[in-house]
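First up is the structure itself, then whatever we jot down about it.
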Amino acid sequence: ASPLTCILEERRGPVGLITLNRPKALNALSPTLVRELVQEVKRFDADPEIGAIVVTGSGDKAFAAGADIKAMQPLSYMDMHKARLFGELDELSSVRTPIIAAVNGFALGGGCELAMTCDFILAADTAKFGQPEIKLGTIPGLGGTQRFTRAVGKSRAMELVLTGDQMSAEEARERGLVARVVPAADLLDDALKTAGKIAAQSQPIVAMAKTCVNVAFETSLAEGLRFERAIFYSTFATHDQKAGMAAFAAKEKPNFKNE
Ligand code: CAA
């Protein structure tokens with residue numbers, strides 16, 4: 001495999017840590033960065049030792065300040081169409097391993113969209129969210145008009161998409177875009193600890209729970225409840241449900257085997 005140039009990846013026990021690493025460009029998403037990110041997320045997803053993934057940005061200023069404007073500026077419609085620019089990010093939706101976005105600063109445009117593509121967001125108190133594409137004469141292209149609207153509601157999403165204004169971490173928490181806000185200095189530790197808690201659970205059961213929550217955004221309530229019930233019953237066909245409930249009854253810690 002060719003060496004990584006735009007991201008860093010490391011293992012922290014059962015947690016895969018990916019750091020977007022173009023600090024001079026505020027970690028802007030270049031085509032290479034996106035390719036490397038998707039490649040490494042898929043590599044962690046295929047690794048049975050890894051139970052959760054954290055994605056963060058290098059430096060203390062940005063998670064990612066968007067798609068790389070300078071790389072996109074000369075592209076024609078046909079260039080974008082032929083390259084399926086950023087289409088690889090769709091592959092993150094089929095990753096089973098939970099992905100936490102640890103947003104350590106600006107999450108703008110494609111940066112906000114990448115964070116929203118992850119399973120949940122932990123934000124530093126210094127984080128800023130927004131979809132400023134309108135100011136560049138374009139619109140969000142990685143889910144901003146869809147996921148942002150579902151997360152914060154139509155009115156505020158519409159205002160931010162049409163003005164390009166930013167939202168504070170605290171507002172993002174109040175509106176449900178982010179799970180929790182933590183002091184910037186504690187963000188990475190908190191994200192790794194949270195990821196560690198997930199990685200300590202049964203991986204197949206975690207994947208089932210994740211799928212069910214995601215289905216809530218894709219279907220009607222009645223269909224979603226039916227889907228959840230079927231998956232709930234199917235957990236009873238696993239070793240780990242037996243181990244988890246037996247351990248509870250014996251007042252012990254469960255020994256999950258991921259099967
Ligand atoms: N693409 C390319 N380079 C970027 C960038 C981006 N999205 N964001 C920042 N940079 C670069 C700057 O050009 C600058 O480089 P130089 O030092 O070579 O000039 C460097 O990062 C530092 O940025 P600033 O000097 O601008 O830092 P600042 O603190 O003054 O401002 C900021 C910070 C408000 C985040 C500002 O950088 C900014 O507005 N960035 C662009 C945000 C944006 O418009 N994002 C949307 C991109 S389009 C998109 O994402 C489409 C999509 O949906 C897929």
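Indexing begins at 1, ligand by ligand and atom by atom, following the structure's order. Values below: all heavy atoms of this structure, side chains included; hydrogens, waters and symmetry mates excluded.
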Shortest non-hydrogen separation from Thr117 to Leu89 and the atoms involved: CG2-O, 4.4 Å
Residue set satisfying side-chain hydrogen bond (donor to acceptor under 3.5 Å, both in side chains) with Thr235, at least two apart, ordered chain then number -> none
Hey, is Lys24 one of the residues with a heavy atom under 4.0 angstrom from ligand 1? yes
Any nitrogen or oxygen of Gln166 lying under 3.5 Å from a nitrogen or oxygen in ligand 1? Just yes or no. no
All heavy atoms of Lys70 vs all of Asp68, minimum pair found to be N-OD1, 3.0 Å
Can you find a non-hydrogen atom of Lys128 under 4.0 Å from ligand 1? no
Can you tell me if Gly144 has a non-hydrogen atom under 4.0 Å from ligand 1? no
Let me confirm one number: the CD-CG distance from Glu171 to Leu160, rounded to the nearest 0.5 Å. 7.0 Å
Taking Glu9 first and then Arg43, would you say they form a salt bridge - that is, a charged N and a carboxylate O separated by under 4.0 Å? no
Counting both backbone and side chain atoms, is some N or O of Phe106 under 3.5 Å from an N or O of ligand 1? no
Please confirm whether Gly141 comes within less than 3.5 Å of ligand 1 when only nitrogen or oxygen atoms on both sides are compared. yes
Is it the case that ligand 1 has an N or O less than 3.5 angstrom from some N or O of Lys70? yes
